[in-house]
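Report on one structure; see the data block that follows.
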2 protein chains.
Amino acid sequence: MPRGGKRSGAGRPKGTGKYSESTKAIRVPESMVERILEFAHSGGFKLPLYGGKVAAGCPAPTDDYIEGMLDLSEHLIHDPASTFFVRVTGYSMINAGIHPDDILIVDRSLQANHGKIVIAAIDGELTVKRLYKKQGEVRLMPENDDFEPIEIGSEETLHIWGIVTNVIHTV
Amino acid sequence: MPRGGKRSGAGRPKGTGKYSESTKAIRVPESMVERILEFAHSGGFKLPLYGGKVAAGCPAPTDDYIEGMLDLSEHLIHDPASTFFVRVTGYSMINAGIHPDDILIVDRSLQANHGKIVIAAIDGELTVKRLYKKQGEVRLMPENDDFEPIEIGSEETLHIWGIVTNVIHTV
DNA sequence: CATGTTGATAAAAGTACATTATTCTAGGCT
DNA sequence: AGCCTAGAATAATGTACTTTTATCAACATG
């Protein structure tokens, strides 16, 4: 009892797979297999970013008012090779929105211009301050009235590790 | 002229590959191949996190004072399915370190308890406020003296989208 | 004619295998 | 003895192939 004959048009349709897209076999370290599968499945850790206005009384996030999909690493880190994090200690930059235990995103490849917030090493202590650099004078300015500016004279050497681009604060 | 004989001990040693680790072939969407290879190669977007103390006069980040390697997505997002981002507008939470254009990380799965900073929808407008919830009274408290608390009476319905866990501020 | 069943078809997923890359040893050479 | 080299050994890599999964057209059935 054959049900023979041509079957053109039959077959599994395209895009019916896990990713709705054709896939490729690649080789990755065994220890990362799980994370990479999660990464691939969630579309690269991208999550929705919502803007200000939403439908009246809307009880939950809706796609209507989405600004886009955002990946934190992609958004905050432009050059992984020159970026690192620093954990904040102390209150000297509180008026710049930098609190103790915050994590700073620091880029080593940016120019240390006047007015930038920098990570500097002074006497073996890591410090975050706003850089003042005008008319040959160099100072590290705190943003808290309880602290004094640090004057960088000819004796001291200023080692600037990098420029702060973002502050991550835990509420 | 055979150079025959045993060659025990010969052969390519383990861990001499790109990842210094044995690998596994997995299948990923074609459009993500590049990003995933970058992801795998950089060890999962992990970057160094430095603590407070460093060697005296040390001119550049050294491994000696590293706290660990950190991946932003992993550190800030505990449940991708219930997490989203919201862009801040307005100054009503400035004293909580939440500035206009900051990005908030919001978790929908957390309890909206008294004192938490929440994302709520009021009259079609998305708003971030501190939740006051005591003795049957519910209020949305700004953290800026120029703004008034919002009383939630029996007429209004409060739609809480989620709890703010982190603030990302661009300096 | 409507409905159900079966096997043809084709994509997706996973894996084994062939290929490539790397290192090391034994034997030859100086 | 020390240096050089062919090729033996083995891990790493990429891809071809096999297995699995999904859908649909043709046929049978009521």
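Residue numbers start from 1 in every chain, and the chains themselves are labelled A, B, ... in the order their sequence lines are given, proteins ahead of strands.
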Have A:D107 and A:T165 got a donor and an acceptor in their side chains that come within less than 3.5 Å? no

Side-chain donor-acceptor contact under 3.5 Å, B:S92 with B:N144: no

Going by atom type alone, with no hydrogens or angles, which donor-acceptor pairs under 3.5 Å involve a side-chain atom of residues 29-38 of chain B and a protein atom two or more places apart or on another chain?
unit_1, atom_1, unit_2, atom_2, d
B:E30, OE1, A:S22, OG, 3.2
B:S31, OG, A:E21, OE1, 3.3
B:S31, OG, A:E21, OE2, 2.9

Heteroatom pairs (N/O) under 3.5 angstrom, protein to nucleotides 11-17 of chain D:
unit_1, atom_1, unit_2, atom_2, d
D:dA11, O4', B:R12, O, 3.1
D:dA12, OP1, B:G15, N, 2.9
D:dT13, OP1, B:K18, N, 2.9
D:dG14, N7, A:R27, NE, 2.8
D:dG14, O6, A:R27, NH2, 2.4

Assess whether atom NZ of A:K116 is packed by more than 12 heavy atoms of other residues, nucleotides or ligands within 6.0 Å. no

With a sphere of 6.0 Å drawn around OH of B:Y132, does it hold more than 12 non-hydrogen atoms of other residues, nucleotides or ligands? yes

Could you give the NE2-to-C1' distance, from A:H41 to C:dA12, as a whole number of Å? 13 Å

